[in-house]
Peer 1: 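Mind having a look at this structure? Questions to follow.
Proteins get letters first, then strands, A, B, ... in listed order; numbering begins at 1 in each.
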Protein chains: 2
Amino acid sequence: MGDTHGIGEPTLEEQIAAYQREFQDLDPQVEKVVSALSRLNRRMNVAYGRQTAALGISNAEWEVLKALVLSGVPYRMGPSDLAKRLGLTPAAMTHRIDRMVAEGLVTRERDESNRVRVIVELTAEGREKWLEAMRLASVFEEDLLQDLSAKERTTLGEVLTRLLRRVEHAQPDAGGRLSDLD
Amino acid sequence: MGDTHGIGEPTLEEQIAAYQREFQDLDPQVEKVVSALSRLNRRMNVAYGRQTAALGISNAEWEVLKALVLSGVPYRMGPSDLAKRLGLTPAAMTHRIDRMVAEGLVTRERDESNRVRVIVELTAEGREKWLEAMRLASVFEEDLLQDLSAKERTTLGEVLTRLLRRVEHAQPDAGGRLSDLD
DNA sequence: GCTTCGAACTTTAGCTTTGAAGTCTTCAGA
DNA sequence: TCTGAAGACTTCAAAGCTAAAGTTCGAAGC
């Protein structure tokens with residue numbers, strides 16, 4: 001796709017005002033945090049999407065590369081493990097791996113010790129793509145946080161982690177079908 | 001879909017350690033903020049998804065209801081405006097409206113003053129669904145922030161807004177194809 | 001040794017979205 | 001009035017996903 005169709009998004013302030021108008025029992029303080037968080041995340045994903053596109057890979061492929069790299073040497077995982085890690089169905093994983101094998105980012109082979117299993121392994125090219133993506137991403141992230149002092153960064157990280165613990169506690173293990181973009 | 005396939009996600013700390021191992025020139029402070037933000041947002045979307053599902057609507061439908069309500073009385077918008085607001089192509093909007101009309105959440109009619117245009121209008125049922133969803137969401141959000149003091153909430157909102165301004169400045173207007181979930 | 005069960009992956013059918021092409025309406029100029 | 005161009009929506013084909021039904025291999029019981 002590439003570029004958005006519209007500019008027609010209200011500012012954060014306008015949006016919060018609209019919420020107040022349409023739904024009174026809403027704490028504007030809370031709503032501001034939640035809306036800013038959601039919006040910020042969306043914009044960041046757009047930025048990541050552009051960067052990976054510039055490298056000729058999709059965001060979906062980037063996720064797979066990331067999972068493999070973070071799994072550590074020898075950069076191998078089974079399709080089911082990858083599917084779980086990325087929050088996809090096994091069927092979707094099969095197709096995604098098909099595409100990535102065709103592009104030379106990963107290889108797929110049967111595990112000879114247990115022929116039911118399949119091993120997906122990162123290729124040198126795949127690893128290089130991930131590294132390039134990380135170089136771009138780290139520059140972007142550093143730039144994003146540039147206005148925050150060291151202390152503010154620490155505090156922000158700490159507060160977000162606290163919120164994270166709270167959601168994870170509130171959502172035992174059920175989860176949902178959302179992609180894994182950290 | 002419903003429930004996730006896997007529990008196999010590393011903790012935030014494990015993930016950051018893996019990043020350090022595979023990509024040295026990365027500031028752990030920065031990475032922690034970015035990863036926590038992304039992960040938190042994901043979990044929140046899962047929670048919203050469960051809540052809307054419990055009301056018998058999809059997240060996609062919730063987004064449309066939200067756009068219409070926030071547009072204010074008389075809760076009307078054209079398909080193109082909705083598409084821009086939600087970051088969808090006009091084609092996708094056509095289909096989505098089809099479904100929602102069938103479910104009685106909105107109505108679609110031609111604008112008699114300009115027969116090229118179409119007007120999508122929220123029904124009473126659609127508005128009620130949105131209100132129910134908001135009641136659930138506001139409880140969840142309040143609960144999420146419960147451990148934060150009033151001062152912390154203010155600071156968090158302020159810092160996130162600052163980051164938001166920075167991303168928006170860095171990304172003039174191009175945008176991308178991500179759904180609008182605030 | 002054969003059979004049955006379970007695990008891991010693939011295949012199939014159906015849905016939602018995209019991008020591109022098509023239709024219908026309005027408006028401006030000849 | 002007619003013609004051409006632009007705008008707003010819809011239709012169509014193809015991509016990618018989910019859920020459910022295969023397929024194949026390995027392991028346990030009879």
Side-chain angles (χ1 to χ4, degrees), chain A residues 1-6 8 46 49 52-53 57-64 76-103 106-121 175-181, chain B residues 1-6 8 46 49 52-53 57-64 76-103 106-121 175-181:
Chain A
M1 167 109 206
D3 277 33
T4 203
H5 285 261
V46 170
T52 54
I57 61 177
S58 70
N59 240 325
E61 290 168 333
W62 184 41
E63 288 173 39
V64 177
R76 294 176 171 200
M77 292 178 78
S80 322
D81 295 329
L82 275 170
K84 281 177 197 156
R85 181 75 187 69
L86 302 185
L88 292 175
T89 58
M93 207 63 239
T94 294
H95 298 315
R96 203 181 273 194
I97 293 169
D98 287 345
R99 298 191 289 273
M100 295 182 71
V101 167
E103 294 169 35
V106 300
T107 59
R108 167 161 44 191
E109 59 186 66
R110 289 221 159 272
D111 180 344
E112 287 308 325
S113 71
N114 181 343
R115 299 184 45 72
V116 173
R117 289 173 189 279
V118 167
I119 298 175
V120 177
E121 180 172 337
R177 184 79 314 99
L178 291 164
S179 61
D180 190 271
L181 285 167
Chain B
M1 168 101 212
D3 279 31
T4 202
H5 284 262
V46 170
T52 53
I57 61 177
S58 70
N59 239 326
E61 290 167 334
W62 184 41
E63 288 173 40
V64 177
R76 295 178 170 198
M77 292 179 78
S80 323
D81 295 329
L82 275 170
K84 282 177 195 156
R85 181 73 186 71
L86 302 186
L88 292 176
T89 58
M93 207 62 238
T94 295
H95 299 314
R96 202 180 272 192
I97 293 168
D98 286 345
R99 299 190 289 272
M100 294 183 72
V101 168
E103 294 168 37
V106 301
T107 59
R108 166 162 44 191
E109 58 185 67
R110 289 221 160 271
D111 181 344
E112 287 308 324
S113 71
N114 180 343
R115 300 187 40 75
V116 172
R117 289 173 189 281
V118 167
I119 298 175
V120 177
E121 180 171 337
R177 184 79 312 99
L178 291 165
S179 62
D180 189 272
L181 286 167

Peer 1: Do Val120(A) and Pro79(A) have side-chain heavy atoms sitting under 4.5 Å apart?
Peer 2: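 They are in contact (side-chain heavy atoms under 4.5 Å apart), so the answer is yes.
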Peer 1: Using atom CE of Met93(A) as one end and atom C1' of dA19(D) as the other, report the distance to the nearest whole Å.
Peer 2: 18 Å
Peer 1: Using atom CD1 of Ile97(B) as one end and atom C1' of dT16(C) as the other, report the distance to the nearest whole Å.
Peer 2: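 That distance rounds to 14 Å.
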Peer 1: Can you name the nearest heavy-atom pair linking Glu63(A) to Leu86(A), along with the distance?
Peer 2: O-CD2, 3.7 Å
Peer 1: Leu88(A) side chain: which of dT17(C), dT18(D), dT10(C) is closest?
Peer 2: dT18(D)
Peer 1: Quick check: closest heavy atoms across Arg85(A) and Met77(A), and the distance to 0.1 Å?
Peer 2: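 Heavy atoms of Arg85(A) and Met77(A) come nearest at CB-CE, 4.5 Å.
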Peer 1: Nearest whole angstrom, please: distance from the P of dG7(D) to the CG of Asp81(B).
Peer 2: 15 Å
Peer 1: So, is Arg96(B) near the phosphate of dT17(C), with a side-chain N or O under 4.0 Å from OP1 or OP2?
Peer 2: yes
Peer 1: In whole Å, what is the span from the CG atom of Leu86(A) to the P atom of dC17(D)?
Peer 2: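 Taking CG of Leu86(A) and P of dC17(D), I get 10 Å after rounding.
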Peer 1: Assess whether side-chain contact (heavy atoms from CB on, under 4.5 Å) is satisfied between Met100(A) and Ile57(A), documenting all intermediate values.
Peer 2: CA-CA 9 Å; Met100(A) 295 182 71; Ile57(A) 61 177; over 6 Å; no
Peer 1: Taking CZ from Arg117(A) and C1' from dG6(C), how many angstroms apart are they, rounded to a whole number?
Peer 2: 12 Å
Peer 1: Does the side chain of Arg110(B) get closer than 4.0 angstrom to OP1 or OP2 of dT10(D) through an N or O atom?
Peer 2: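 For dT10(D), OP1/OP2 do not have a side-chain N/O of Arg110(B) under 4.0 Å.
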Peer 1: Between the protein and nucleotides 26-28 of chain C, which nitrogen or oxygen pairs come in under 3.5 angstrom?
Peer 2:
{"residue": "dT26(C)", "atom": "OP1", "partner": "Arg115(B)", "partner atom": "N", "Å": "3.0"}

Peer 1: Can you tell me which nucleotide in dT17(C), dT11(D), dT12(C) comes closest to the side chain of His95(A)?
Peer 2: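 For His95(A), the side-chain atoms sit closest to dT12(C).
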Peer 1: Rounded to whole Å, how long is the line connecting atom CD of Glu61(B) with atom C1' of dC15(C)?
Peer 2: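 Glu61(B) atom CD is separated from dC15(C) atom C1' by 13 Å.
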Peer 1: According to salt bridge (charged side-chain N to carboxylate O under 4.0 Å, His left out), who are the partners of Arg108(B), at least two apart in sequence or on a separate chain?
Peer 2: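 Only Asp98(B) meet the salt bridge (charged side-chain N to carboxylate O under 4.0 Å, His left out) criterion with Arg108(B).
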Peer 1: Does Arg99(B) place a side-chain N or O at less than 4.0 Å from the phosphate oxygens OP1/OP2 of dT16(C)?
Peer 2: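 For dT16(C), OP1 or OP2 has a side-chain N or O of Arg99(B) closer than 4.0 Å.
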Peer 1: In this structure, how many angstroms lie between the P atom of dC17(D) and the CG atom of Asn59(B), rounded?
Peer 2: 18 Å
Peer 1: Need to verify one output field. Residue with the more 5' nearest nucleotide on DNA chain D, Ala60(A) or Pro79(B)?
Peer 2: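 Its nucleotide being nearer the 5' end, the pick is Pro79(B).
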Peer 1: If you check every side-chain atom of Ala91(A), which of dT17(C), dT10(D), dA20(D) has the closest atom?
Peer 2: dA20(D)
Peer 1: Could you state the atom-to-atom distance from NZ of Lys84(B) to C1' of dA8(D) in whole Å?
Peer 2: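 Interatomic distance, NZ of Lys84(B) to C1' of dA8(D): 10 Å.
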Peer 1: Is there a side-chain contact between Val101(B) and Val106(B) in this structure, where contact means two heavy atoms from C-beta onward sitting under 4.5 Å apart?
Peer 2: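 Val101(B) vs Val106(B): side chains touch.
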Peer 1: Could you work out, with salt bridge (charged side-chain N to carboxylate O under 4.0 Å, His left out) as the rule, every residue matching Arg99(B), not counting sequence neighbours?
Peer 2: none
